[in-house]
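Heads up, the thing below is written out as structure tokens.
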Amino acid sequence: ISQYIETDSGTTPKGIEIWNNTGANLDFSVNNLVVLKGTNGAAPSTDITVNSGTLAVGEIIVIGTSDIQTYLQTQGLTSVAFVEKSFTFNGDDALVIEYGGNETDVFGTSGSDPGSAWEGNGVSTANQNIELIGGITSGSTGFTDPSGRFSTVSSSPSATGGLEGFGIAPDSGSTNLSPFINNISQTPSSGITSSDVVSVSADITD
């Protein structure tokens, strides 16, 4: 899990971003991608199974509520693999990722209820958008303090900008990172013909 979001208001957004940090393409029709959830300390059970599609080396797949897909589209990240899932997890629900029946990552601690969230050093699994710390390139067997693996992107996930970072693969240690492009706008926005002059603008961060 390279990014995780649990809303601070209502029921959305909730979702996870999964990064292919292996050296091979992943084929979900051959080896299913399974997300298991352990509610309030219960034993994890299957929450969603992805059994089609592929994921190239270094790429990501986002699984979550529909508003996350809308965000990806507005950011021009339409090529990012997305699977809609109305997640109901809260900050005290552990998540387990399996690929082809093999456990590859654990978010939180399976079989344990921390109360409202696992937290430490300002990083929490409740009411936050958190992302994997740069340089971490392997899965976890579980944690009680998320700050050892994640940093906070936003403490207001439901607000404007709360989904920042989703759809962008983590830095695997390279020194030359791709730019972050957002706030893409086009004038006119529709009804364009071959004779129209079209203006496109965006905010680009190196």
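We count residues from 1, following the sequence as given. All figures in this text were calculated on a predicted structure; none of them were measured in a lab.
Of the possible polar contacts, one joining the N20 side chain to the T22 backbone as a donor-acceptor pair under 3.5 Å is found. Without hydrogens or angle criteria, K14 side chain to K85 main chain gives no donor-acceptor distance under 3.5 Å. Judged purely by atom type and a 3.5 angstrom limit, S86 has no side-chain atom pairing as donor or acceptor with the backbone of T65. In this structure, Q128 contributes its side chain and S124 its backbone to a donor-acceptor pair below 3.5 Å. The backbone N or O of Y71 lies less than 3.5 Å from a partner atom in the side chain of T74, making a donor-acceptor pair.
Looking at N21 and T137, their side chains never bring a donor and an acceptor atom within 3.5 Å of each other. Checking T193 against D196 by side-chain atom types alone, a donor-acceptor pair falls below 3.5 Å. Side chains of N129 and E164: a donor-acceptor N/O pair is absent below 3.5 angstrom, by distance only. Looking at S9 and T7, their side chains never bring a donor and an acceptor atom within 3.5 Å of each other.
Looking only at side-chain heavy atoms (C-beta outward), E131 and S151 come within less than 4.5 Å of each other. Looking at T78 and L72, their side chains never come closer than 4.5 Å, going by heavy atoms from C-beta outward. In this structure, the side chains of S2 and I60 come closer than 4.5 Å at one or more pairs of heavy atoms. Annotation: side chain of P146 is in contact with side chain of V123 (closest heavy-atom distance under 4.5 Å). I68 is listed as a side-chain neighbour of I5, based on a closest heavy-atom distance under 4.5 Å. The shortest side-chain heavy-atom distance between R149 and L132 falls under the 4.5 Å cut-off. With contacts defined as side-chain heavy-atom distances shorter than 4.5 Å, the pair S185/V200 does not qualify. At a threshold of 4.5 Å between non-hydrogen side-chain atoms, the residues V62 and V83 do not count as touching.
Residues I61 and V106 fall into different hydrophobic clusters, defined by Ile, Leu, Val, Met, Phe, Trp and Tyr side chains chained together at heavy-atom separations under 4.5 Å. Residues V96 and I48 fall into different hydrophobic clusters, defined by Ile, Leu, Val, Met, Phe, Trp and Tyr side chains chained together at heavy-atom separations under 4.5 Å.
The shortest non-hydrogen separation linking Q75 to N183 is OE1-N, 3.9 Å. Here the closest non-hydrogen pair linking F107 and I1 is CB-CD1, 3.7 Å. Summarising the geometry of I184 relative to A202, their closest heavy-atom pair is CG1-CB, 3.9 Å, with the distance given to 0.1 Å. Across every non-hydrogen atom of D8 and P157, the tightest pair is OD1-CD, 3.2 Å.
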Problem - Stepwise side chain to side chain contact (heavy atoms under 4.5 Å, CB included) test for Q3 and V153 - result: CA-CA 9 Å; Q3 194 151 351; V153 177; 4.1 Å; yes
Practice task
Begin from the C-alpha positions of V57 and N25 and carry the test side chain to side chain contact (heavy atoms under 4.5 Å, CB included) through to its verdict.
Solution key: CA-CA 5 Å; V57 176; N25 293 341; 3.7 Å; yes
Problem - E17/I168 under side chain to side chain contact (heavy atoms under 4.5 Å, CB included): CA gap, chis, key distance, verdict - result: CA-CA 9 Å; E17 176 187 277; I168 300 174; 5.6 Å; no
Practice task
Any chance you could lay out the side-chain hydrogen bond (donor to acceptor under 3.5 Å, both in side chains) test for D145 and S147, step after step, and finish with the verdict?
Solution key: CA-CA 6 Å; D145 180 354; S147 67; 2.7 Å; yes
Problem - Working for side chain to side chain contact (heavy atoms under 4.5 Å, CB included), residues L26 and Y99 - result: CA-CA 9 Å; L26 307 181; Y99 177 69; 3.6 Å; yes
Practice task
Take F150 and Y4, measure what ring-ring contact (aromatic ring centres under 6.0 Å, His included) needs, and give me the verdict at the end.
Solution key: CA-CA 9 Å; F150 295 90; Y4 164 99; 7.5 Å; no
Side-chain donor-acceptor pairs of residues 28-46 under 3.5 Å, sequence neighbours excluded:
unit_1 : atom_1 : unit_2 : atom_2 : d
S29    : OG     : D27    : OD1    : 2.6
N32    : ND2    : F28    : O      : 2.8
K37    : NZ     : T88    : OG1    : 2.8

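In this structure, CD on E84 lies 6.5 Å from CD on Q69, to the nearest 0.5 angstrom. Here the OG1-CG distance, from T152 to N127, works out to 11.5 Å after rounding to the nearest 0.5 Å. The CZ atom of F82 sits 8.5 Å away from the CD atom of Q73 when rounded to the nearest 0.5 Å. Atom CD of E119 is separated from atom CD1 of I130 by 11.0 Å, given to the nearest 0.5 angstrom. The CD1 atom of I63 sits 5.5 Å away from the CZ atom of F87 when rounded to the nearest 0.5 Å. Distance check: I97 CD1 to S140 OG gives 11.5 Å after rounding to the nearest 0.5 Å.
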